[in-house]
Number of protein chains: 2
Amino acid sequence: MADYYTPGEVARRFGLSLDTLRYYEREGLLTQVERAPSGHRRYRAGDVELLDLVRCLRETDMPIARLREFAELVREGDHTVPQRLQVLEEHDARLTERIAELRRRQEAIRHKIDYYRGVLAERGPEEKEEVR
Amino acid sequence: MADYYTPGEVARRFGLSLDTLRYYEREGLLTQVERAPSGHRRYRAGDVELLDLVRCLRETDMPIARLREFAELVREGDHTVPQRLQVLEEHDARLTERIAELRRRQEAIRHKIDYYRGVLAERGPEEKEEVR
DNA sequence: GCTTGACCTGGAGTGCACTCCACCTTCCAG
DNA sequence: CTGGAAGGTGGAGTGCACTCCAGGTCAAGC
């Protein structure tokens, strides 16, 4: 139990494949990951923390390109906090809008469901014989 | 003002491109669309209604393959209403789960935003001079 | 020492949902 | 009657986010 995580551990923890993990690194979504002398990756707490945010943003559909920009800001240092904040605030707003849209669409779908239920309720009774 | 819509009208109405409209038809997401003798498509009220549902399901991320299955049920006739209902109910449940997940992720993102704001508030005051 | 499982790299391949293109026909306002 | 907009077809191309693969190296228990 050292002070770092192996690729396998990280992959399991976040439900990502090793390939995805490496892909994210190649694409610059993580700060440079340390290596053992053997070349094996060693994920530190900071890597895991950033990855946690990355996954959070990915699962809310932030595109890889935007995530890369964000990761670049992180790499540039503490003076980019205002820009990072802006990225997150904008994403938060998008997310609010997206959730609202999904809710609206869900409403419409539920109306359709109700309509179909009505159809079944109306014709169901007298067709019970016929159908079976 | 006839009792049908042209492709352009339908595309504008739903915010889809003509290519997408034709693509949906090719993929079997619509019931067969009528044609004028010239070959031009004529969308009837029924087509528009189905397309409205299709778009609703697409914008809530139902895959094309599943939409095709649904459209096939529609083409098979009224006796498939129970299956259609099942498809919609399942999608509704998925959607509920998806919305809940987005909300959870949004919570996490907002925590990060608050954290960044804290960072700025703490170091901001004495750096105001320095920064500008 | 050897096997087995985890890890490495560079690069190719995949699946999805469009999107674009070339080239031809049809419609309709002036 | 004509020019431009709208529409048609088949097929190729695109962008995104992975995902897979070959052909190796490394670590650890027996």
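Chain identifiers are assigned alphabetically (A, B, ...) following the order of the sequence lines, protein sequences preceding nucleic acid strands; residue numbering begins at 1 within each chain.
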Check the interface with nucleotides 19-21 of chain D: list each N/O to N/O pair with the protein under 3.5 Å, or write none.
from, atom 1, to, atom 2, distance (Å)
D:dC20, N4, A:Asp19, OD1, 3.1

Is there any protein nitrogen or oxygen under 3.5 Å from a nitrogen or oxygen in nucleotides 24-28 of chain C, and what are the pairs?
from, atom 1, to, atom 2, distance (Å)
C:dC27, OP1, B:Ser38, OG, 3.3

Worksheet item: For C:dC7, does either OP1 or OP2 sit under 4.0 Å from a side-chain N or O belonging to A:Arg42?
Response: no
Discussion item. In whole Å, I'd like the distance from the CD atom of A:Glu34 to the C1' atom of C:dC7.
Written reply: 17 Å
Item to complete: Keeping the roles fixed (side chain from A:Glu9, backbone from A:Thr6), state whether a donor-acceptor pair exists under 3.5 Å.
Response: yes
Worksheet, complete the sentence: Residues at least two apart in sequence or cross-chain that pass side-chain hydrogen bond (donor to acceptor under 3.5 Å, both in side chains) with B:Glu90, listed by chain then number, are B:Arg66, B:Arg94
Fill in: Rounded interatomic separation in angstrom, taking OH from B:Tyr24 and P from C:dA17
9 Å
Worksheet item: What integer distance in Å separates B:Leu21:CG from C:dC18:P?
Response: 12 Å
Worksheet entry | Member of A:Arg68, A:Arg84, A:His79, A:Gln86 meeting the side-chain contact (heavy atoms from CB on, under 4.5 Å) criterion with A:Leu73 | A:Arg84
Practice prompt. State, to 0.1 Å, how close A:Ala11 and A:Leu18 come at their nearest heavy-atom pair, and which atoms those are.
Written response: CB-CD2, 4.0 Å
Practice prompt. Please check the phosphate of C:dC18 (OP1 and OP2 only) for any side-chain N or O of B:Arg58 closer than 4.0 Å.
Written response: yes
Discussion item. If we ignore hydrogens and angles and just use 3.5 Å, is the side chain of B:Thr80 paired with the main-chain N or O of B:Gln83 as donor and acceptor?
Written reply: no
Discussion item. Between P on D:dC18 and CE on A:Met62, what's the gap in Å once rounded to a whole number?
Written reply: 14 Å
Item to complete: Give the nucleotide from the list D:dC18, C:dT9, D:dG7 with an atom nearest to the side chain of A:Arg35.
Response: C:dT9
Worksheet item: Once you round it to whole Å, what is the distance between C1' of C:dA17 and CZ of B:Arg66?
Response: 18 Å
Worksheet entry | Whole-Å distance separating the CG atom of A:Asp61 from the C1' atom of D:dA17 | 12 Å
Worksheet item: Do A:Glu89 side-chain atoms and B:Ile113 backbone N/O form a donor-acceptor pair below 3.5 Å?
Response: no
Item to complete: Write down the distance between CG (A:Leu29) and C1' (D:dA17), rounded to a whole number of angstrom.
Response: 11 Å
Item to complete: Examine B:Arg13 relative to B:Tyr5 and say whether NZ or CZ is less than 6.0 Å from the centre of the six-membered ring and inside a 45° cone about the ring axis.
Response: yes
Discussion item. Please say yes or no: joined through hydrophobic side-chain contacts below 4.5 Å, possibly via intermediate residues, are A:Leu53 and A:Val87 part of one cluster?
Written reply: yes
Worksheet item: Could you give the CZ-to-C1' distance, from A:Arg12 to C:dG5, as a whole number of Å?
Response: 11 Å
Worksheet entry | Nearest-neighbour nucleotide for the A:Pro7 side chain, C:dA17, C:dT9, C:dC7 considered | C:dC7
Worksheet item: Can a donor-acceptor pair be found between the side chains of A:Thr60 and A:His91 at a distance below 3.5 Å?
Response: yes
